[in-house]
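As C-alpha coordinates, the structure follows; a few thoughts come after it.
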Amino acid sequence: MLNKHLILFFLLLGVFQLNAQQAHINLDWAPQRAGGSLTPFMANTISPEVSDDHMVTFRLKAPEAKEVTVSGTVMRGLKSNDPIKLTKGADGLWSATVGPVTPEIYKYNYVVDGVRIVDPANTYVGFANQPGYSVLVVHGDGPAWYDAKDVPHGSITRHIYKSDVTNGQREMYVYTPPGYDKSKKYPVLYLFGGSGEEASTWMLTGRVNFIMDNMIADGTAVPMIIAMPNNQVVHRMDPKHTEISFPRFNDEMLQEVIPLVEANYSVKADKHNRAISGLSMGGRHAQIIGLNNLDIFGSIGILSAAESLDLIKPGVLDDPKINDKIDYLFVGAGTHETTPESRQTLMHQTFEEKNIEHEFYVGSDGAHDFITWKHLLYYKFLPKLFKTN
(Lines give C-alpha, C1' and ligand atoms only; values in the text may rest on other atoms or scores of the structure.)
Protein backbone atom coordinates (compact mmCIF):
# COMPACT_ATOMS: atom_id res chain seq x y z
CA MET A 1 0.00 0.00 0.00
CA LEU A 2 2.84 2.39 0.82
CA ASN A 3 4.42 1.81 -2.57
CA LYS A 4 1.11 2.58 -4.28
CA HIS A 5 0.82 5.81 -2.32
CA LEU A 6 4.36 6.78 -3.23
CA ILE A 7 3.70 6.05 -6.88
CA LEU A 8 0.52 8.15 -6.77
CA PHE A 9 2.41 10.97 -5.02
CA PHE A 10 5.13 11.09 -7.68
CA LEU A 11 2.56 10.89 -10.46
CA LEU A 12 0.73 13.86 -8.99
CA LEU A 13 4.02 15.68 -8.50
CA GLY A 14 4.86 15.06 -12.13
CA VAL A 15 1.47 16.39 -13.24
CA PHE A 16 1.98 19.49 -11.10
CA GLN A 17 5.40 20.12 -12.60
CA LEU A 18 4.22 19.53 -16.15
CA ASN A 19 1.22 21.81 -15.70
CA ALA A 20 3.55 24.69 -14.90
CA GLN A 21 4.16 25.38 -18.62
CA GLN A 22 3.88 29.18 -19.14
CA ALA A 23 2.21 29.49 -15.75
CA HIS A 24 4.11 32.66 -14.71
CA ILE A 25 4.27 31.48 -11.09
CA ASN A 26 8.03 31.65 -10.63
CA LEU A 27 10.78 33.26 -12.70
CA ASP A 28 11.17 29.92 -14.43
CA TRP A 29 14.33 29.16 -16.44
CA ALA A 30 12.36 26.59 -18.50
CA PRO A 31 8.92 28.25 -18.84
CA GLN A 32 7.99 26.53 -22.12
CA ARG A 33 9.10 23.02 -21.20
CA ALA A 34 7.19 20.31 -23.07
CA GLY A 35 4.85 17.93 -21.32
CA GLY A 36 2.29 20.26 -19.79
CA SER A 37 -1.36 19.30 -20.10
CA LEU A 38 -2.78 22.78 -19.48
CA THR A 39 -2.87 25.39 -22.21
CA PRO A 40 -1.65 28.89 -21.34
CA PHE A 41 -4.32 31.20 -19.94
CA MET A 42 -6.80 32.26 -22.66
CA ALA A 43 -4.99 30.22 -25.35
CA ASN A 44 -6.52 27.41 -27.42
CA THR A 45 -3.35 25.34 -27.79
CA ILE A 46 0.14 24.98 -26.32
CA SER A 47 2.80 26.85 -28.25
CA PRO A 48 5.72 26.81 -28.22
CA GLU A 49 6.77 23.58 -26.50
CA VAL A 50 10.44 22.96 -25.76
CA SER A 51 11.65 19.47 -24.94
CA ASP A 52 14.69 18.71 -22.81
CA ASP A 53 16.54 17.59 -25.96
CA HIS A 54 15.96 21.14 -27.34
CA MET A 55 13.34 20.26 -29.94
CA VAL A 56 10.72 22.98 -30.36
CA THR A 57 7.12 22.57 -31.48
CA PHE A 58 5.11 25.53 -32.79
CA ARG A 59 1.31 25.36 -33.11
CA LEU A 60 -1.28 27.75 -34.50
CA LYS A 61 -5.03 27.27 -34.80
CA ALA A 62 -5.88 28.88 -38.14
CA PRO A 63 -8.41 26.76 -40.11
CA GLU A 64 -8.80 29.27 -42.95
CA ALA A 65 -5.09 29.97 -43.48
CA LYS A 66 -3.35 28.88 -46.68
CA GLU A 67 0.27 29.16 -45.51
CA VAL A 68 1.94 29.58 -42.11
CA THR A 69 5.66 30.05 -41.44
CA VAL A 70 7.85 31.09 -38.51
CA SER A 71 10.67 33.61 -38.82
CA GLY A 72 12.90 35.50 -36.41
CA THR A 73 16.10 35.09 -34.47
CA VAL A 74 15.12 31.49 -33.73
CA MET A 75 16.72 30.76 -37.10
CA ARG A 76 20.10 31.43 -35.43
CA GLY A 77 19.48 28.54 -33.08
CA LEU A 78 18.77 26.30 -36.05
CA LYS A 79 21.80 27.51 -38.01
CA SER A 80 19.43 28.25 -40.88
CA ASN A 81 18.15 31.24 -42.82
CA ASP A 82 15.02 29.53 -44.11
CA PRO A 83 11.64 30.19 -42.46
CA ILE A 84 10.05 27.26 -40.65
CA LYS A 85 7.08 25.90 -42.58
CA LEU A 86 4.12 24.64 -40.55
CA THR A 87 1.86 21.82 -41.75
CA LYS A 88 -1.92 22.00 -41.51
CA GLY A 89 -3.80 19.18 -39.77
CA ALA A 90 -7.34 18.04 -40.41
CA ASP A 91 -8.56 20.03 -37.40
CA GLY A 92 -7.13 23.29 -38.73
CA LEU A 93 -4.17 23.19 -36.33
CA TRP A 94 -0.88 24.08 -37.98
CA SER A 95 2.29 22.67 -36.42
CA ALA A 96 5.98 22.06 -36.90
CA THR A 97 8.67 20.48 -34.74
CA VAL A 98 12.24 21.63 -35.36
CA GLY A 99 15.63 21.28 -33.75
CA PRO A 100 17.62 20.73 -31.82
CA VAL A 101 17.74 24.46 -31.16
CA THR A 102 20.72 25.93 -29.29
CA PRO A 103 19.62 27.00 -25.77
CA GLU A 104 18.98 30.76 -25.79
CA ILE A 105 16.19 33.33 -25.78
CA TYR A 106 14.82 34.05 -29.25
CA LYS A 107 12.31 36.29 -30.97
CA TYR A 108 9.88 34.93 -33.52
CA ASN A 109 6.68 35.74 -35.41
CA TYR A 110 4.21 33.77 -37.45
CA VAL A 111 3.64 34.86 -41.03
CA VAL A 112 0.10 33.86 -41.94
CA ASP A 113 -0.73 34.31 -45.61
CA GLY A 114 1.79 37.14 -45.74
CA VAL A 115 0.70 38.85 -42.51
CA ARG A 116 3.21 38.99 -39.63
CA ILE A 117 1.62 38.25 -36.22
CA VAL A 118 2.61 37.19 -32.73
CA ASP A 119 1.92 33.66 -31.51
CA PRO A 120 -1.55 33.97 -29.91
CA ALA A 121 -0.85 30.97 -27.65
CA ASN A 122 2.42 32.30 -26.26
CA THR A 123 2.19 34.42 -23.11
CA TYR A 124 5.81 35.61 -23.49
CA VAL A 125 5.54 38.64 -25.76
CA GLY A 126 8.13 41.35 -26.35
CA PHE A 127 7.42 45.01 -25.59
CA ALA A 128 9.21 47.70 -27.54
CA ASN A 129 8.80 50.70 -29.81
CA GLN A 130 8.16 48.38 -32.77
CA PRO A 131 5.56 45.80 -33.80
CA GLY A 132 5.16 42.98 -31.30
CA TYR A 133 7.01 39.69 -31.29
CA SER A 134 6.84 36.42 -29.40
CA VAL A 135 9.59 35.11 -27.15
CA LEU A 136 10.94 31.56 -27.27
CA VAL A 137 12.97 30.31 -24.30
CA VAL A 138 15.01 27.23 -25.19
CA HIS A 139 16.28 26.01 -21.84
CA GLY A 140 19.49 24.16 -21.12
CA ASP A 141 20.26 21.77 -18.27
CA GLY A 142 19.75 24.45 -15.63
CA PRO A 143 19.50 28.22 -15.18
CA ALA A 144 21.71 30.15 -17.59
CA TRP A 145 23.88 33.13 -16.75
CA TYR A 146 21.02 35.43 -17.79
CA ASP A 147 18.36 33.66 -15.68
CA ALA A 148 17.14 34.45 -12.18
CA LYS A 149 19.30 32.24 -9.96
CA ASP A 150 19.33 31.67 -6.21
CA VAL A 151 21.71 34.57 -5.53
CA PRO A 152 21.24 37.99 -3.92
CA HIS A 153 19.25 40.22 -6.25
CA GLY A 154 19.44 43.91 -6.95
CA SER A 155 16.48 46.23 -7.44
CA ILE A 156 15.12 48.17 -10.38
CA THR A 157 13.35 51.50 -9.94
CA ARG A 158 11.26 53.19 -12.61
CA HIS A 159 11.67 56.96 -12.71
CA ILE A 160 9.17 59.23 -14.46
CA TYR A 161 10.49 62.72 -14.99
CA LYS A 162 9.76 65.88 -16.94
CA SER A 163 12.33 66.61 -19.62
CA ASP A 164 12.84 70.14 -20.84
CA VAL A 165 14.85 68.72 -23.74
CA THR A 166 11.98 66.69 -25.22
CA ASN A 167 9.25 68.79 -23.55
CA GLY A 168 7.40 65.84 -22.08
CA GLN A 169 7.24 63.10 -19.49
CA ARG A 170 10.03 60.54 -19.83
CA GLU A 171 11.01 57.29 -18.14
CA MET A 172 14.22 55.66 -17.00
CA TYR A 173 14.97 52.40 -15.19
CA VAL A 174 17.78 52.26 -12.63
CA TYR A 175 19.33 49.05 -11.34
CA THR A 176 20.95 49.09 -7.92
CA PRO A 177 23.11 46.10 -6.92
CA PRO A 178 22.30 43.62 -4.13
CA GLY A 179 22.86 45.17 -0.73
CA TYR A 180 22.84 48.73 -2.11
CA ASP A 181 24.05 50.92 0.73
CA LYS A 182 23.56 54.68 0.59
CA SER A 183 26.54 55.16 2.86
CA LYS A 184 28.74 53.78 0.06
CA LYS A 185 29.33 55.25 -3.40
CA TYR A 186 29.02 53.26 -6.63
CA PRO A 187 30.16 53.64 -10.23
CA VAL A 188 27.45 54.09 -12.86
CA LEU A 189 26.91 52.55 -16.29
CA TYR A 190 24.52 54.43 -18.59
CA LEU A 191 23.10 51.78 -20.91
CA PHE A 192 20.99 52.40 -24.03
CA GLY A 193 18.82 50.38 -26.37
CA GLY A 194 18.67 50.68 -30.13
CA SER A 195 16.14 51.85 -32.67
CA GLY A 196 12.74 50.53 -31.71
CA GLU A 197 13.75 49.78 -28.11
CA GLU A 198 12.31 51.25 -24.92
CA ALA A 199 13.91 52.19 -21.61
CA SER A 200 12.75 48.83 -20.27
CA THR A 201 14.19 46.68 -23.06
CA TRP A 202 17.59 46.01 -21.46
CA MET A 203 15.72 44.76 -18.39
CA LEU A 204 12.90 42.78 -20.05
CA THR A 205 14.68 41.42 -23.12
CA GLY A 206 18.34 41.83 -22.22
CA ARG A 207 17.90 40.65 -18.61
CA VAL A 208 20.78 42.88 -17.58
CA ASN A 209 19.64 42.87 -13.94
CA PHE A 210 19.90 39.07 -13.69
CA ILE A 211 23.21 39.14 -15.57
CA MET A 212 24.59 41.65 -13.07
CA ASP A 213 23.20 39.75 -10.06
CA ASN A 214 24.93 36.58 -11.24
CA MET A 215 28.20 38.31 -12.09
CA ILE A 216 28.36 40.12 -8.75
CA ALA A 217 27.63 36.83 -6.98
CA ASP A 218 30.49 35.02 -8.72
CA GLY A 219 32.87 37.98 -8.48
CA THR A 220 33.24 38.65 -12.21
CA ALA A 221 31.85 42.21 -12.06
CA VAL A 222 32.05 44.99 -9.51
CA PRO A 223 28.80 46.20 -7.93
CA MET A 224 27.53 49.12 -9.98
CA ILE A 225 24.44 51.14 -10.70
CA ILE A 226 23.01 50.80 -14.21
CA ALA A 227 20.84 53.63 -15.53
CA MET A 228 18.71 52.74 -18.55
CA PRO A 229 17.11 55.86 -20.04
CA ASN A 230 14.92 56.02 -23.12
CA ASN A 231 17.21 57.16 -25.94
CA GLN A 232 14.36 57.68 -28.42
CA VAL A 233 14.17 61.48 -28.68
CA VAL A 234 12.69 61.91 -32.16
CA HIS A 235 10.41 59.73 -34.28
CA ARG A 236 12.59 56.97 -35.75
CA MET A 237 11.10 57.48 -39.21
CA ASP A 238 11.73 61.24 -39.23
CA PRO A 239 13.82 62.01 -42.34
CA LYS A 240 16.10 64.14 -40.16
CA HIS A 241 16.45 61.49 -37.45
CA THR A 242 20.26 61.36 -37.43
CA GLU A 243 20.59 65.12 -37.63
CA ILE A 244 18.24 65.64 -34.67
CA SER A 245 18.69 62.55 -32.52
CA PHE A 246 22.36 62.68 -31.59
CA PRO A 247 22.70 66.28 -30.38
CA ARG A 248 19.29 66.10 -28.68
CA PHE A 249 20.09 62.93 -26.76
CA ASN A 250 23.45 64.44 -25.81
CA ASP A 251 21.49 67.27 -24.18
CA GLU A 252 19.07 64.80 -22.57
CA MET A 253 21.97 62.94 -20.99
CA LEU A 254 23.82 65.98 -19.68
CA GLN A 255 20.85 68.10 -18.65
CA GLU A 256 18.33 65.51 -17.44
CA VAL A 257 19.57 61.93 -17.03
CA ILE A 258 22.89 62.32 -15.23
CA PRO A 259 21.59 65.03 -12.85
CA LEU A 260 18.60 62.82 -11.96
CA VAL A 261 20.79 59.80 -11.23
CA GLU A 262 23.32 61.75 -9.20
CA ALA A 263 20.60 63.50 -7.19
CA ASN A 264 18.86 60.24 -6.26
CA TYR A 265 21.66 57.68 -5.89
CA SER A 266 24.91 57.41 -4.00
CA VAL A 267 27.35 57.51 -6.90
CA LYS A 268 30.97 58.30 -7.56
CA ALA A 269 30.48 61.47 -9.57
CA ASP A 270 33.67 61.52 -11.60
CA LYS A 271 34.50 60.42 -15.14
CA HIS A 272 36.47 57.36 -14.06
CA ASN A 273 33.32 55.97 -12.47
CA ARG A 274 30.97 56.82 -15.33
CA ALA A 275 30.62 54.51 -18.31
CA ILE A 276 28.37 54.79 -21.33
CA SER A 277 27.28 51.97 -23.63
CA GLY A 278 24.52 50.93 -25.96
CA LEU A 279 23.47 48.64 -28.78
CA SER A 280 22.95 49.58 -32.42
CA MET A 281 21.64 53.18 -32.46
CA GLY A 282 22.37 53.26 -28.73
CA GLY A 283 25.93 52.20 -29.53
CA ARG A 284 26.25 55.19 -31.82
CA HIS A 285 24.83 57.39 -29.06
CA ALA A 286 27.40 55.96 -26.64
CA GLN A 287 30.23 56.44 -29.14
CA ILE A 288 29.35 60.01 -30.04
CA ILE A 289 28.32 61.26 -26.58
CA GLY A 290 31.19 59.42 -24.90
CA LEU A 291 33.94 60.62 -27.24
CA ASN A 292 32.54 64.16 -27.31
CA ASN A 293 32.49 64.31 -23.50
CA LEU A 294 35.69 62.62 -22.34
CA ASP A 295 35.70 64.92 -19.32
CA ILE A 296 32.46 63.22 -18.20
CA PHE A 297 32.81 59.56 -19.28
CA GLY A 298 35.86 57.39 -18.72
CA SER A 299 34.66 54.15 -20.37
CA ILE A 300 32.74 53.59 -23.59
CA GLY A 301 31.11 50.41 -24.90
CA ILE A 302 30.04 50.37 -28.56
CA LEU A 303 27.87 47.33 -29.33
CA SER A 304 27.00 46.53 -32.95
CA ALA A 305 27.51 50.10 -34.05
CA ALA A 306 30.11 52.73 -34.90
CA GLU A 307 31.40 55.23 -37.44
CA SER A 308 29.33 58.48 -37.72
CA LEU A 309 32.71 60.20 -37.43
CA ASP A 310 31.25 63.46 -38.74
CA LEU A 311 29.30 63.76 -35.46
CA ILE A 312 32.44 63.61 -33.31
CA LYS A 313 33.93 66.99 -32.48
CA PRO A 314 36.90 68.00 -34.69
CA GLY A 315 40.24 67.04 -33.20
CA VAL A 316 38.92 64.51 -30.65
CA LEU A 317 40.23 61.42 -32.43
CA ASP A 318 43.49 63.13 -33.34
CA ASP A 319 44.25 64.30 -29.82
CA PRO A 320 47.70 62.87 -28.96
CA LYS A 321 46.55 62.54 -25.33
CA ILE A 322 43.31 60.71 -26.08
CA ASN A 323 44.53 57.40 -24.59
CA ASP A 324 45.16 59.17 -21.31
CA LYS A 325 41.54 60.34 -21.31
CA ILE A 326 39.91 56.92 -21.80
CA ASP A 327 39.91 54.16 -19.19
CA TYR A 328 38.34 51.47 -21.37
CA LEU A 329 37.06 51.59 -24.94
CA PHE A 330 35.26 48.53 -26.28
CA VAL A 331 33.93 47.80 -29.78
CA GLY A 332 32.01 44.53 -30.09
CA ALA A 333 29.61 42.83 -32.47
CA GLY A 334 28.03 39.51 -33.36
CA THR A 335 29.61 36.83 -35.51
CA HIS A 336 26.78 36.80 -38.04
CA GLU A 337 26.60 40.57 -38.55
CA THR A 338 30.29 41.30 -39.07
CA THR A 339 32.19 41.46 -42.35
CA PRO A 340 35.30 43.40 -43.43
CA GLU A 341 32.94 46.19 -44.52
CA SER A 342 30.82 46.32 -41.34
CA ARG A 343 30.67 49.61 -39.50
CA GLN A 344 32.17 48.09 -36.35
CA THR A 345 35.11 46.76 -38.40
CA LEU A 346 35.62 50.20 -39.94
CA MET A 347 35.51 51.79 -36.49
CA HIS A 348 38.12 49.33 -35.27
CA GLN A 349 40.31 50.18 -38.27
CA THR A 350 39.91 53.90 -37.63
CA PHE A 351 40.95 53.50 -34.01
CA GLU A 352 43.95 51.43 -35.09
CA GLU A 353 45.01 54.01 -37.67
CA LYS A 354 44.86 56.74 -35.05
CA ASN A 355 46.59 54.57 -32.40
CA ILE A 356 43.59 54.78 -30.08
CA GLU A 357 43.75 51.97 -27.53
CA HIS A 358 40.63 49.81 -27.54
CA GLU A 359 39.39 46.24 -27.43
CA PHE A 360 37.76 44.86 -30.56
CA TYR A 361 35.78 41.64 -30.28
CA VAL A 362 33.49 39.68 -32.57
CA GLY A 363 31.67 36.73 -31.02
CA SER A 364 28.44 34.95 -30.01
CA ASP A 365 26.15 32.83 -32.15
CA GLY A 366 24.05 35.90 -32.88
CA ALA A 367 23.81 38.68 -35.39
CA HIS A 368 22.17 42.07 -34.76
CA ASP A 369 20.14 40.81 -31.81
CA PHE A 370 20.07 40.29 -28.06
CA ILE A 371 21.83 36.96 -28.44
CA THR A 372 24.85 39.09 -29.31
CA TRP A 373 24.26 42.01 -26.98
CA LYS A 374 23.82 39.90 -23.84
CA HIS A 375 26.96 37.98 -24.82
CA LEU A 376 29.03 41.14 -25.30
CA LEU A 377 28.05 42.51 -21.90
CA TYR A 378 28.56 39.27 -20.01
CA TYR A 379 31.75 37.95 -21.57
CA LYS A 380 33.58 41.17 -22.41
CA PHE A 381 32.37 44.60 -21.33
CA LEU A 382 31.07 44.20 -17.78
CA PRO A 383 33.97 42.05 -16.47
CA LYS A 384 36.47 44.81 -17.29
CA LEU A 385 34.41 47.81 -16.25
CA PHE A 386 35.56 49.90 -13.28
CA LYS A 387 38.14 47.28 -12.30
CA THR A 388 40.93 49.85 -11.89
CA ASN A 389 38.93 52.47 -9.98
Would you confirm whether the ring centroid of [Y] sits within less than 6.0 angstrom of the ring centroid of [X]?
| X | Y | result |
| --- | --- | --- |
| Phe330 | His358 | no |
| His159 | Tyr265 | yes |
| Tyr328 | Phe386 | no |
| His375 | Phe370 | no |
| Tyr379 | Trp145 | yes |
| Phe360 | Phe351 | no |
| His235 | His241 | no |

If you count the non-hydrogen atoms of other residues, nucleotides and ligands that lie under 6.0 Å from [atom1] in [X], is the total more than 12?
| X | atom1 | answer |
| --- | --- | --- |
| Asp141 | CG | no |
| Glu64 | CD | no |
| Lys162 | NZ | yes |

Legend entry - Closest contact, heavy atoms only, Ser47 versus Asp119: OG-OD2, 2.7 Å
Does a salt bridge link [X] with [Y], judged by any charged N lying under 4.0 Å from a carboxylate O?
| X | Y | result |
| --- | --- | --- |
| Asp213 | Lys149 | no |
| Asp295 | Lys271 | no |
| Glu104 | Lys374 | yes |
| Lys107 | Asp369 | no |
| Lys380 | Glu359 | yes |
| Arg274 | Glu262 | yes |

Legend entry - Flag, side chain of Glu49 to backbone of Ala34, donor-acceptor distance under 3.5 Å: no
Assess, by modelled atom type and distance only, whether the side chains of [X] and [Y] contain a donor and an acceptor separated by less than 3.5 Å.
| X | Y | value |
| --- | --- | --- |
| Glu337 | Ser304 | yes |
| Lys240 | Ser245 | no |
| Ser364 | Thr372 | yes |
| Tyr133 | Thr205 | yes |

Legend entry - Whether Phe249 and His285 hold their rings parallel, tilted or perpendicular, with breakpoints at 30° and 60°: tilted
Inset, instruction - Evaluate the ring planes of His24 and Tyr124, with Trp represented by its six-membered ring, and classify them as parallel (under 30°), tilted (30 to 60°) or perpendicular (over 60°). - result: parallel
Inset, instruction - Would you please test Asp318 and Lys354 for salt bridge (Lys or Arg N to Asp or Glu O under 4.0 Å) and show each step? - result: CA-CA 7 Å; Asp318 295 311; Lys354 296 181 178 295; 2.8 Å; yes
